[in-house]
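These notes concern the structure reproduced below.
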Amino acid sequence: MNALKIRLAGAGEKVQYIVHEFNDNTIRFVLYYPGIVDADVLCAAVKAVVESVDILHASFATDSISAYWHVNQEYDESNYFQFVETEANPYITASSLALLPVEPEGKVQLRCCLVQSGSDSAVMLSISHLCVDGGDGKYLLGKLVEAYNMILEKGTAEGLSVKNGSRAAEQVYENVSSKEFLSLLKNPISNVKSAFPYPTEDAGRARMVKAEITKEVMNLARKRAKPAGATVNDILLAAFYRAYAALPGIDASGPMSVMSMMDLRRHCKNGESEGLCNMSGSLPTVLNEGIKGGFSDTLAEIAEQTREAKENPLAGLEGMPLVHGASRALPMGLLLLVAGRIYGNFSIGLTNLGNISGDLLKLGNIIPSSGMFGGPLKKKPAMQVSAISFDGAATISVVGRYTENDGKLLSAMLDGMAAEIKKYAEE
């Protein structure tokens, strides 16, 4: 191999890769556009984004000792773009295509698919979790839109700027003192572990379930929660706890926990990573006495925990030096052996990417009317709710490998979350 085409893998991608037996290392977005998106322009835009950073057109490889990126100089359009015409609802078709993984060994680590009917379009974007977390995935989605509009207006995406500096996860320690660093050498994961009560033991198939909460309901809920110092993320967490507690077999009065995630770029210089990274830290929450009282009571308890965590100047960094240190010091073979034991200790989780303005996702003059974000497709017993909002309307989803009956219970839980928020908003 040409040495110039080889890049050593960093801590971020190693940490993601070692759990590839338990999830598909892929994050996905689907956007529904009430109009016709230009397939040729979108294809050229995807190519411009893929070409902008070496890691997006590279293949991941490991041996027993380490992990590498092989940067590919040649790859085909089919590696990063597909166009599908259908008479069915393009959003449904695109959501199904979003279940396909971006393979680590593939030539390209980003794939876009345009699904189109006679009058509407859906854009699906999948990105390798080895390259980005949800925050930088959202960043690349914005860059795809930017490239599309540049080509539409100027005929070229030349001049498209995508951050292409250091991808080191250790950037989060830039402003941390030696004493503070030592204080981070502890496990932040709660001893309380909550698992989803899947009704079947079979592995099942790749599936996605989702629920939507209207802009009107979310706005009312947000306004009601603001005087209590609670955020939209707190609202989602409270709804998650209450919907989970209502499931068959769950002791609503017993201790339960949900692992939420925090963007660690707040700790970087200027609040941003130099390059595309995995920079998500843990934000654990626990209800030691389970569900007590109404939604407002649950929300107050969660908001107090998350507020206290965020006020900590080292928020989200606890345990990260242990993770990064192990990924650097231990051979890949050993990391892969212990990955299952570590991954199995995680509780059910929530990842929320926040709100995106529809104007920022406008392709030409078409604004998306709905959309969704899905985290890595997980295998049982793991389960994660992914959330994103577009112009205030929220979509919550679960992507995983489970049976039809598992899917019905997961769907019931998401519907329960939506109902909890609606009831709270309208009280």
Side-chain angles (χ1 to χ4, degrees), residues 27 29 31 133-135 137-139 141-142 210-245 257-266 271 280-287 291 294-312 315-316 348-361 368-375 384-398 413-427:
I27 59 177
F29 300 88
L31 298 173
D133 57 9
K138 188 167 69 169
Y139 168 84
L141 176 62
K210 54 183 179 283
E212 297 181 357
I213 309 166
T214 66
K215 175 181 179 179
E216 291 72 25
V217 166
M218 288 304 300
N219 282 342
L220 286 171
R222 189 184 298 110
K223 288 177 181 177
R224 185 175 178 193
K226 190 173 182 180
T231 65
V232 169
N233 197 63
D234 295 330
I235 293 170
L236 291 169
L237 276 169
F240 191 172
Y241 271 107
R242 296 181 69 84
Y244 172 75
S257 68
V258 173
M259 176 64 79
S260 192
M261 306 305 292
M262 178 183 291
D263 191 337
L264 300 181
R265 289 171 182 81
R266 68 182 64 200
S280 295
S282 59
L283 178 60
T285 57
V286 181
L287 296 181
I291 299 299
F295 190 96
S296 294
D297 300 295
T298 307
L299 180 61
E301 192 170 353
I302 293 302
E304 183 180 0
Q305 292 183 38
T306 59
R307 186 163 52 247
E308 182 180 343
K310 292 171 186 174
E311 288 172 354
N312 177 359
I348 53 176
L350 169 73
T351 294
N352 174 28
L353 291 192
N355 185 62
I356 308 178
S357 166
D359 284 336
L360 297 179
L361 297 173
S369 57
S370 60
M372 61 81 61
F373 153 69
Q384 180 185 63
V385 175
S386 300
I388 193 168
S389 299
F390 298 99
D391 284 331
T395 301
I396 47 179
S397 68
V398 175
M413 193 197 75
L414 294 183
D415 288 343
M417 287 179 65
E420 287 280 352
I421 295 173
K422 188 173 189 294
K423 181 181 177 182
Y424 170 71
E426 296 177 348
E427 282 179 347

Restricting to non-hydrogen atoms, name the atom on [X] and the atom on [Y] that form the minimum distance, rounded to 0.1 Å.
X: L236; Y: A387; value: CD1-CB, 3.8 Å
X: G392; Y: N355; value: N-OD1, 2.8 Å
X: L414; Y: S397; value: CD1-CA, 4.0 Å
X: A230; Y: A303; value: CB-CB, 3.9 Å
X: Q384; Y: G375; value: OE1-CA, 4.1 Å
X: L264; Y: G281; value: CG-N, 3.4 Å

> Can you tell if the side chain of S370 reaches within under 4.5 Å of the side chain of F390, non-hydrogen atoms only?
Replying inline: no
> Is there side-chain contact between F240 and I396, with heavy atoms separated by less than 4.5 Å?
Replying inline: no
>> Check this for me: E304, atom CD, are more than 12 non-hydrogen atoms of other residues, nucleotides or ligands nearer than 6.0 Å?
In response: no
> Is it true that atom NZ of K310 has more than 12 heavy atoms of other residues, nucleotides or ligands lying nearer than 6.0 Å?
Replying inline: yes
Can you list everything that forms a side-chain contact (heavy atoms from CB on, under 4.5 Å) with [X]? Sequence neighbours excluded, please.
X: L220; answer: A425
X: E427; answer: R224, K423
X: D297; answer: none
X: A394; answer: I213, M218, S389

> Is K210 reaching over with its side chain to a backbone N or O of M372, donor-acceptor style, under 3.5 angstrom?
Replying inline: no
>> Using a 3.5 Å distance criterion without hydrogens, assess whether the side chain of S282 forms a donor-acceptor pair with backbone atoms of P284.
In response: no
Nearest 0.5 Å, please: how far is [atom2] in [Y] from [atom1] in [X]?
X: S386; Y: L350; atom1: OG; atom2: CG; result: 8.0 Å
X: I235; Y: M417; atom1: CD1; atom2: CE; result: 11.0 Å
X: L237; Y: L287; atom1: CG; atom2: CG; result: 9.5 Å
X: L141; Y: L353; atom1: CG; atom2: CG; result: 10.0 Å
X: T351; Y: D263; atom1: OG1; atom2: CG; result: 11.0 Å

>> Give me each pair satisfying side-chain hydrogen bond (donor to acceptor under 3.5 Å, both in side chains) with a member in residues 232-245, each pair once, sequence neighbours excluded.
In response: T231-D234, N233-N352, D234-T306, Y241-T285, R242-T298, R242-E420
>> Pair V385, M413 - check side chain to side chain contact (heavy atoms under 4.5 Å, CB included), show working.
In response: CA-CA 10 Å; V385 175; M413 193 197 75; 3.8 Å; yes
> By ring-ring contact (aromatic ring centres under 6.0 Å, His included), which residues pair with F29, not counting sequence neighbours?
Replying inline: F373
> Excluding sequence neighbours, so at least two apart, what forms salt bridge (charged side-chain N to carboxylate O under 4.0 Å, His left out) with D391?
Replying inline: none
> Among all residues two or more places apart in sequence or in another chain, which pass the salt bridge (charged side-chain N to carboxylate O under 4.0 Å, His left out) test with E426?
Replying inline: K422
> Between L361 and I356, does a side chain to side chain contact (heavy atoms under 4.5 Å, CB included) hold up when you go through it step by step?
Replying inline: CA-CA 8 Å; L361 297 173; I356 308 178; 3.8 Å; yes
